[in-house]
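Worksheet: one structure, shown below.
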Amino acid sequence: MESKVKFMGHAIHPLLIAFPLGLLLTSVVFDVLALLMRSKRLAISAFHMLGAGVISGLAASVFGLLDWLNIPERTRAKQLGALHGIGNVLVSGLFGVSWLMRRDDPKRPEPGALFLSLIGAVLAGATGWMGGELVERLGVGIDRGAHLNAPNSLSGRPAIEDNTAPERLIIS
């Protein structure tokens, strides 16, 4: 299923998710390091990463929703996409509440804030797997007829142009 929302020939949602996923998971790493090293600077960095991760996650979710709306009904992809999206709303909520709990003193996050971030990271791993399953296994966001010798996405030519390529991927 080819994405309808693209930038320079590529689906936007997969391009954007690297930011929230990287920022939010790295904030957890910084939290752990801040505790181990008793570093206020690392705790403050984690706080800023949380805010940026939640905001960039909201931006990515808009494009994910647009892609999900184009998935045919009564398919595994539609069901999995719904779970992926709902799970990521929970991830954003967990990290968002963790961020709010830290606002008064980002140098010393409460144990509850750290716990919410840790649970958010575990859930983000599961929803990230679901996103990978949607793309890699179910072909969501993949150009129709994609194959190893497809023309450049900026060429304006469809991927399906060369049906004779032996490496052609069959996506149905």
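If you're wondering where the values come from, they're calculated on a predicted model, not measured in any experiment. No hydrogens, no waters, no symmetry mates; every other heavy atom, side chains included, goes into these values.
- In this structure, the side chains of S153 and H10 come closer than 4.5 Å at one or more pairs of heavy atoms.
- Within the model, atoms NZ of K107 and NZ of K40 stand 6.0 Å from one another, a figure rounded to the nearest 0.5 Å.
- For S56 (side chain) and G53 (main-chain N/O), a donor-acceptor pair under 3.5 Å exists by modelled atom type.
- Between atom CG of residue L100 and atom CZ of residue F95 there is a gap of 13.5 Å, rounded to the nearest 0.5 Å.
- L80 and E133 make their closest contact through CD2-CG, 3.5 Å (heavy atoms, listed as atom of the first residue, atom of the second, distance).
- For A124 against L25, the heavy-atom pair with the smallest separation is CB-CD2, 4.3 Å.
- When all heavy atoms of S155 and N152 are compared, the pair lying nearest together is OG-O, 2.7 Å.
- Atoms CD and CH2, on E136 and W129 in that order, are 12.0 Å from each other to the nearest 0.5 Å.
- Both L23 and L42 are members of a single hydrophobic cluster when ILVMFWY side chains are connected at heavy-atom separations under 4.5 Å.
- Inter-residue side-chain proximity for F115 and E110 is flagged as unmet; no heavy-atom pair is nearer than 4.5 Å.
- Without hydrogens or angle criteria, S92 side chain to N88 main chain gives a donor-acceptor distance under 3.5 Å.
- Put simply, the side chain of L114 reaches to within 4.5 Å of the side chain of R102, judged on heavy atoms.
- When each of I17, I12, L15 is tested with F63 by the rule side-chain contact (heavy atoms from CB on, under 4.5 Å), just one qualifies, namely I12.
- Using a 4.5 Å cut-off on side-chain heavy atoms (C-beta onward), V140 and H13 make no contact.
- No donor-acceptor distance shorter than 3.5 angstrom exists from the side chain of K78 to the backbone of E73, with no hydrogens or angles considered.
- Smallest separation of non-hydrogen atoms from A121 and V28: CB-CG2, 3.9 Å.
- Distance CG/L16 to CZ/F7: 10.0 Å, rounded to 0.5 Å.
- Side-chain heavy atoms closer than 4.5 Å link hydrophobic residues (I, L, V, M, F, W, Y) into clusters, and following such links, possibly through other members, connects L138 to L83.
- The distance from atom CG of D31 to atom OG1 of T26, rounded to the nearest 0.5 Å, is 11.0 Å.
- When all heavy atoms of W99 and G51 are compared, the closest pair comes out as CD1-N, 3.4 Å.
- Shown here for L123 and G87, the closest heavy-atom pair between the two residues is CD2-O, 3.6 Å.
- Cluster membership check: M101 shares its hydrophobic cluster with L24, using side-chain heavy-atom separations under 4.5 Å among Ile, Leu, Val, Met, Phe, Trp and Tyr.
- V97 and L90 fall within the same hydrophobic cluster, where Ile, Leu, Val, Met, Phe, Trp and Tyr residues are linked whenever their side-chain heavy atoms come under 4.5 Å apart, directly or through other members.
- Both I119 and F47 belong to a common hydrophobic cluster when Ile, Leu, Val, Met, Phe, Trp and Tyr are linked at side-chain heavy-atom distances under 4.5 angstrom.
- Here the side chains of V29 and L33 are in contact, with some heavy-atom distance below 4.5 Å.
- In this structure, the side chain of S27 does not engage the main chain of A46 through any donor-acceptor pair within 3.5 Å.
- In this model, no donor atom of one side chain and acceptor atom of the other lie less than 3.5 Å apart for R41 and S45.
- Atom OG of S3 and atom CG of N70 lie 7.5 Å apart (nearest 0.5 Å).
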